[in-house]
Trainee: 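Here it is, the structure in full.
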Amino acid sequence: QVQLVESGGGLVQAGGSLRLSCAASGRTLKNYAMAWFRQAPGKEREFVAACGRNDIDILYADSVKGRFTISRDNAETTVYLQMNSLKPEDTAVYYCAARGTGIATINTWVYDYWGQGTQVTVSS
């Protein structure tokens, strides 16, 4: 069982930056594919970014490409989502997810573990 805890959300003005963190309690995420998804009110959960085991595959949604960066810390217990040039349409609850096979994908249903989410609000 992998418990994921997100942090770093908050309120920011358009054009600003935030860094989200996703920590696994007491274990390494080295062999897991990790991803970030988001869900805005009234909308389905959508893919944001993912990195495969050993960061072989790194994927981004077109809407965030060039603005968001997914990365891991050296100890591989925390995954980050650096978000720059934020837009009001980035407002959502952001979720971290882990997949045991280590293969990154954009599909929500293949991820085995999920965090509780952290709210990101971008004001215009």
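Quick note: residue numbers are just sequence positions, from 1.
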Trainee: Can you pull out every ring pair (Phe, Tyr, Trp, His ring centres under 6.0 Å) where at least one residue sits in residues 103-124? Sequence neighbours excluded, please.
Mentor: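 Ring pair (Phe, Tyr, Trp, His ring centres under 6.0 Å) check on residues 103-124 returns F37-Y111, F37-W114.
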Trainee: Mind checking the OG-CD spacing from S124 to Q13? Nearest 0.5 Å is all I need.
Mentor: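 Atom-to-atom, S124:OG and Q13:CD are 9.5 Å apart.
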Trainee: Who are the side chain to side chain contact (heavy atoms under 4.5 Å, CB included) partners of A49, not counting sequence neighbours?
Mentor: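 Side chain to side chain contact (heavy atoms under 4.5 Å, CB included) check on A49 returns Y60, I70, L81.
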Trainee: Taking a hydrophobic cluster as the set of Ile, Leu, Val, Met, Phe, Trp and Tyr residues connected by side-chain heavy atoms closer than 4.5 Å, whether directly or through intermediates, do L29 and V48 fall within one such cluster?
Mentor: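 Yes: a chain of side-chain contacts under 4.5 Å links L29 to V48.
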Trainee: Hydrophobic side-chain clustering at under 4.5 Å (ILVMFWY, transitive links): who's grouped with L11? Put none if nobody.
Mentor: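 Taking Ile, Leu, Val, Met, Phe, Trp and Tyr as members, L11 stands alone, with no cluster partners.
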Trainee: Mind checking side chain to side chain donor-acceptor pair (under 3.5 Å) for S7 and listing every partner two or more places apart, or none if nothing turns up?
Mentor: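 For S7, no residue satisfies side chain to side chain donor-acceptor pair (under 3.5 Å) once neighbours in sequence are set aside.
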Trainee: Quick one: list whatever passes side chain to side chain contact (heavy atoms under 4.5 Å, CB included) with T78, sequence neighbours left out.
Mentor: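 Checked T78 against side chain to side chain contact (heavy atoms under 4.5 Å, CB included); matches are S21, A23, D73, Y80.
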Trainee: Of the non-hydrogen atoms in C51 and A104, which two are nearest, and what is the gap between them?
Mentor: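 Taking C51 first and A104 second, the nearest heavy atoms are C-CB, 3.8 Å.
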Trainee: With no hydrogens and no angle check, is any side-chain donor or acceptor of R67 less than 3.5 Å from a backbone partner on S85?
Mentor: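 Checking the backbone N and O of S85 against the side chain of R67, a donor-acceptor pair under 3.5 Å is found.
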Trainee: So, using salt bridge (Lys or Arg N to Asp or Glu O under 4.0 Å) as the criterion, who are the partners of E46 when residues are at least two apart?
Mentor: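 Result, salt bridge (Lys or Arg N to Asp or Glu O under 4.0 Å) vs E46: R38.
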Trainee: Applying salt bridge (Lys or Arg N to Asp or Glu O under 4.0 Å) as the test, list every pair that has at least one member in residues 106-124; sequence neighbours left out.
Mentor: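 Checked against salt bridge (Lys or Arg N to Asp or Glu O under 4.0 Å) - neighbours excluded - no pair reaches residues 106-124.
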Trainee: Hey, could you give me the CG/CG distance between L59 and D57, rounded to the nearest 0.5 Å?
Mentor: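 That separation rounds to 6.0 Å.
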Trainee: Is there a path of hydrophobic side-chain contacts, each under 4.5 Å between heavy atoms of I, L, V, M, F, W or Y residues, that connects L20 with M34?
Mentor: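 Result: yes, single cluster for both.
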Trainee: Could you see if V64 belongs to whatever hydrophobic cluster contains W36? Use Ile, Leu, Val, Met, Phe, Trp, Tyr and a side-chain cutoff under 4.5 Å.
Mentor: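 Cluster IDs for V64 and W36 match.
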Trainee: Working to the nearest 0.5 angstrom, can you tell me the gap between R72 CZ and T77 OG1?
Mentor: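 With rounding to 0.5 Å, CZ (R72) is 11.0 Å from OG1 (T77).
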Trainee: Is it the case that one hydrophobic cluster holds both Y32 and L4, taking links as side-chain heavy atoms less than 4.5 Å apart, direct or via other members?
Mentor: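 Yes, Y32 connects to L4 through the hydrophobic network.
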Trainee: Can you list everything that forms a side chain to side chain contact (heavy atoms under 4.5 Å, CB included) with V122? Sequence neighbours excluded, please.
Mentor: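 V122 satisfies side chain to side chain contact (heavy atoms under 4.5 Å, CB included) with V12, A14, L86, P88, D90, T91, V120 only.
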Trainee: Under the rule for side chain to side chain contact (heavy atoms under 4.5 Å, CB included), what residues qualify as partners of R53, not counting sequence neighbours?
Mentor: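 With neighbours one apart ignored, the set is N31.
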Trainee: Compare every heavy atom of K65 with every heavy atom of D62, then report the nearest pair and how far apart it is.
Mentor: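 Scanning both residues completely, I find the closest heavy atoms to be OD1-NZ, 3.2 Å.
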Trainee: With R19, which residues qualify under salt bridge (Lys or Arg N to Asp or Glu O under 4.0 Å), at least two apart?
Mentor: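 Listed in chain order: nothing, the list is empty.
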Trainee: Do side-chain atoms of R27 reach the backbone of Q3 as a donor and acceptor pair under 3.5 angstrom?
Mentor: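 It does not hold such a pair.
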Trainee: Can you get from V79 to I58 by hopping between Ile, Leu, Val, Met, Phe, Trp and Tyr side chains that sit under 4.5 Å apart?
Mentor: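 Same hydrophobic cluster.
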Trainee: What pairs with K43 under salt bridge (Lys or Arg N to Asp or Glu O under 4.0 Å), at least two apart in sequence or on another chain?
Mentor: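 With sequence neighbours excluded, K43 shows a salt bridge (Lys or Arg N to Asp or Glu O under 4.0 Å) to no residue whatsoever.
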Trainee: Can you tell me how far apart CE (M83) and CG (L18) are? Round to the nearest 0.5 Å.
Mentor: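 It is 4.5 Å, given to the nearest 0.5 Å.
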Trainee: Going by the rule side chain to side chain donor-acceptor pair (under 3.5 Å), which residues pair with S17 if we only count those two or more places apart in sequence or in a different chain?
Mentor: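 By the side chain to side chain donor-acceptor pair (under 3.5 Å) rule, S17 matches N84.
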Trainee: With side chains defined as the heavy atoms from C-beta onward, is the minimum distance between E6 and Y94 less than 4.5 Å?
Mentor: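 Side chain of E6 against side chain of Y94, heavy atoms only: no contact under 4.5 Å found.
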